[in-house]
Novice: 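Before anything else, here's the structure in question.
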Protein chains: 2
Amino acid sequence: MVGTFYYIGSIFLKKHSNLTLKVYQRIIELMLNYEIVPGQRLVFIDLAKQLGVSRTPVNNALSILAQEGYLDFVPNQGYSVHKLTKQEAEFLFEIREVLEVGFLGKAIRNMDDKNMKWLKKRKNDYEKAISSHVDRKLFILDTEFHASILDMVGNDILSARYRDICQKIFLRFRTEDLRLNRILDIKIEHNDIFEAVCVRDVERSKDLVRLHHKSSQQNLFPIIFPTD
Amino acid sequence: MVGTFYYIGSIFLKKHSNLTLKVYQRIIELMLNYEIVPGQRLVFIDLAKQLGVSRTPVNNALSILAQEGYLDFVPNQGYSVHKLTKQEAEFLFEIREVLEVGFLGKAIRNMDDKNMKWLKKRKNDYEKAISSHVDRKLFILDTEFHASILDMVGNDILSARYRDICQKIFLRFRTEDLRLNRILDIKIEHNDIFEAVCVRDVERSKDLVRLHHKSSQQNLFPIIFPTD
DNA sequence: GCATGATATATTGCATACAATGATCAGTAT
DNA sequence: ATACTGATCATTGTATGCAATATATCATGC
């Protein structure tokens, strides 16, 4: 179950909530669990029946998700799950890298022992999950490793946006797209980044992060976008 | 009239649209024109009456705007226009700068004569608007000057997000907050940036942009957040 | 056989009725 | 006076009916 990990909109359901937000969250879960997939059309009444609510909260939730770019919307025609294009994925990778590299210096300057322990924990989480090929766990834990570095900046808006970008990317992928050798490479590269960050070597960290993203892109894109 | 310039969500109303999107756009206009102001509560029925529609599309539009961070929302209590805190403004400034500086090199490398002319036009637009103190025109034209540089990168998602960040910031300000001497300084600083970009001096451009944002922040924040 | 047009069907869009919730205010007890 | 309780009111939340729109089906004509 990945339900506790989604980032979209950074909404945290509280005791006081409404159906719109619950439906919104549920749809994200459906996307993360491949129960609805990129390209698939979403029909109000079907979703409403499936979730046991009326069309109103479904309509609301879909409006929000469309605005965030997770769904496509055509007036009078309806909603469908957005299928990220190769170009969009490139755009997002590019933004992701600029943010990560751009804030790495501040993150490292801000880092304390607590941060470092936390980061190590995220690194271990990824490694421990390598064997268990469930859902999108690896994508999420990979993202969490990187995001944990950025979290040290202390800029909540940045943290939320970074996670949103990563999620938009990995929602396009399937776990099978990550081949084992790439998974193990990621582990090694994370280790290298972790070491460089720990010794506060900003320039080396930046280089390693750039290299890491480049490798990920080179490995995944031919699989995800074979024709383009 | 600033209606043609808003960025939120980058939705462009087409022939086929629906009331939700029209209401959404209208509320943005109301925010830009100070007809609804930060902190103000938004009541469904009032807005619906004012815009001549039912509560349904208003509800939809407000959900979207809340998700984007332009409105605050408390379930069973309602919506209010978000009043950006000093910290949030600092966070946004920080992100803005990292994006702008981080992509400046690529922008300059991509620049051709057409881009350069376009940028000069944006620079002139700002200068011409200095005398006409209407609405948020200066904020918008200032943003457009900077965004025009980033547009050269050719990353649509980046361009949209950059404008969104700027808009979130300047929605918190009022035109009166920009004092004349700062307005004239901006003109000079834009000129310097423009020159550096034109001669493709990436490092100098970056320094000037950083300086420019720092000055803006130092001038505006004491006025906008006097107590904090 | 293919294009065209009319009809039927499915789905979205909007308004509204009713229910649920929270805020306000008055009244009572301490 | 202040704190508590209950009734009233305002507003949000949800479901649903009907209208508008788009799509699919089928018949007709060439």
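Quick note: numbers below take in every heavy atom, side chains included, and nothing from hydrogens, waters or symmetry partners. Naming convention: chains lettered A, B, ... in sequence-line order (proteins, then strands); numbering from 1 in each chain. Only a predicted model underlies this, so the values are computations on that prediction, with no experimental measurement involved.
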Novice: Using atom types as modelled and distance alone, determine if a side-chain donor or acceptor of B:Arg136 lies under 3.5 Å from a backbone N or O of B:Phe173.
Specialist: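 A pair under 3.5 Å: yes.
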
Novice: Between A:Asn59 (CG) and C:dC14 (P), how many Å, whole number?
Specialist: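 Computing the A:Asn59:CG to C:dC14:P distance gives 9 Å.
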
Novice: Scan A:Leu62 against the nucleic acid and name what it touches under 4.0 Å (heavy atoms): base, sugar-phosphate only, or nothing.
Specialist: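 The residue A:Leu62 makes no contact with any strand.
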
Novice: Send over the distance from B:Ile45 CD1 to C:dA15 P, rounded to a whole Å.
Specialist: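 To the nearest whole Å, that distance equals 12 Å.
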
Novice: Could you check whether the side chain of A:Thr20 and the base of D:dT14 have a donor-acceptor pair of N or O atoms closer than 3.5 Å, going by distance alone?
Specialist: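 For A:Thr20, whose side chain was compared with the base of D:dT14, there is no donor-acceptor pair (under 3.5 Å).
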
Novice: Identify which one of A:Gln167, A:Arg161, A:Lys168 satisfies the side chain to side chain donor-acceptor pair (under 3.5 Å) criterion when paired with A:Asp164.
Specialist: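 It is A:Lys168; the other options fail the test.
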
Novice: Which nucleotide wins on minimum distance to the side chain of B:Leu19, given the candidates D:dT11, C:dA15, D:dT23?
Specialist: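 Minimum distance to the B:Leu19 side chain belongs to C:dA15.
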
Novice: Just how far, in rounded Å, is P of D:dG13 from CG of B:Asn76?
Specialist: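 Rounded to the whole Å, the gap is 5 Å.
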
Novice: Relative to the ring of B:His146, is the ring of B:His190 parallel (under 30°), tilted (30 to 60°) or perpendicular (over 60°)?
Specialist: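 Taking B:His146 first and then B:His190, their aromatic rings stand perpendicular (interplane angle over 60°).
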
Novice: Given C:dT12, D:dA15, C:dG13, identify the nucleotide with an atom nearest to the side chain of A:Thr56.
Specialist: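 In terms of side-chain proximity for A:Thr56, the closest of C:dT12, D:dA15, C:dG13 is D:dA15.
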
Novice: Output the single nucleotide from C:dT11, D:dT12, D:dT23 whose closest atom is nearest the side chain of A:Val43.
Specialist: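 My answer, after comparing the listed nucleotides, is C:dT11.
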
Novice: According to the interplanar angle, ranging from 0 to 90°, do the rings of A:Phe93 and A:Phe221 count as parallel (below 30°), tilted (30 to 60°) or perpendicular (above 60°)?
Specialist: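 Perpendicular: the ring planes of A:Phe93 and A:Phe221 meet at over 60°.
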
Novice: If I take atom OH in residue B:Tyr24 and atom P in nucleotide C:dG13, what distance separates them, rounded to the nearest angstrom?
Specialist: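 Whole-Å distance recorded here is 16 Å.
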
Novice: Could you please name the option among C:dA17, D:dA15, C:dT12 that lies closest to any side-chain atom of A:Pro57?
Specialist: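 So the side chain of A:Pro57 is nearest to D:dA15.
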
Novice: Mind calculating the distance between NZ (B:Lys22) and P (C:dA15) to the nearest angstrom?
Specialist: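 Nearest whole value for this atom pair: 11 Å.
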
Novice: Which nucleotide wins on minimum distance to the side chain of B:Gln77, given the candidates C:dC14, C:dA15, C:dG22?
Specialist: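 Selected nucleotide: C:dG22.
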
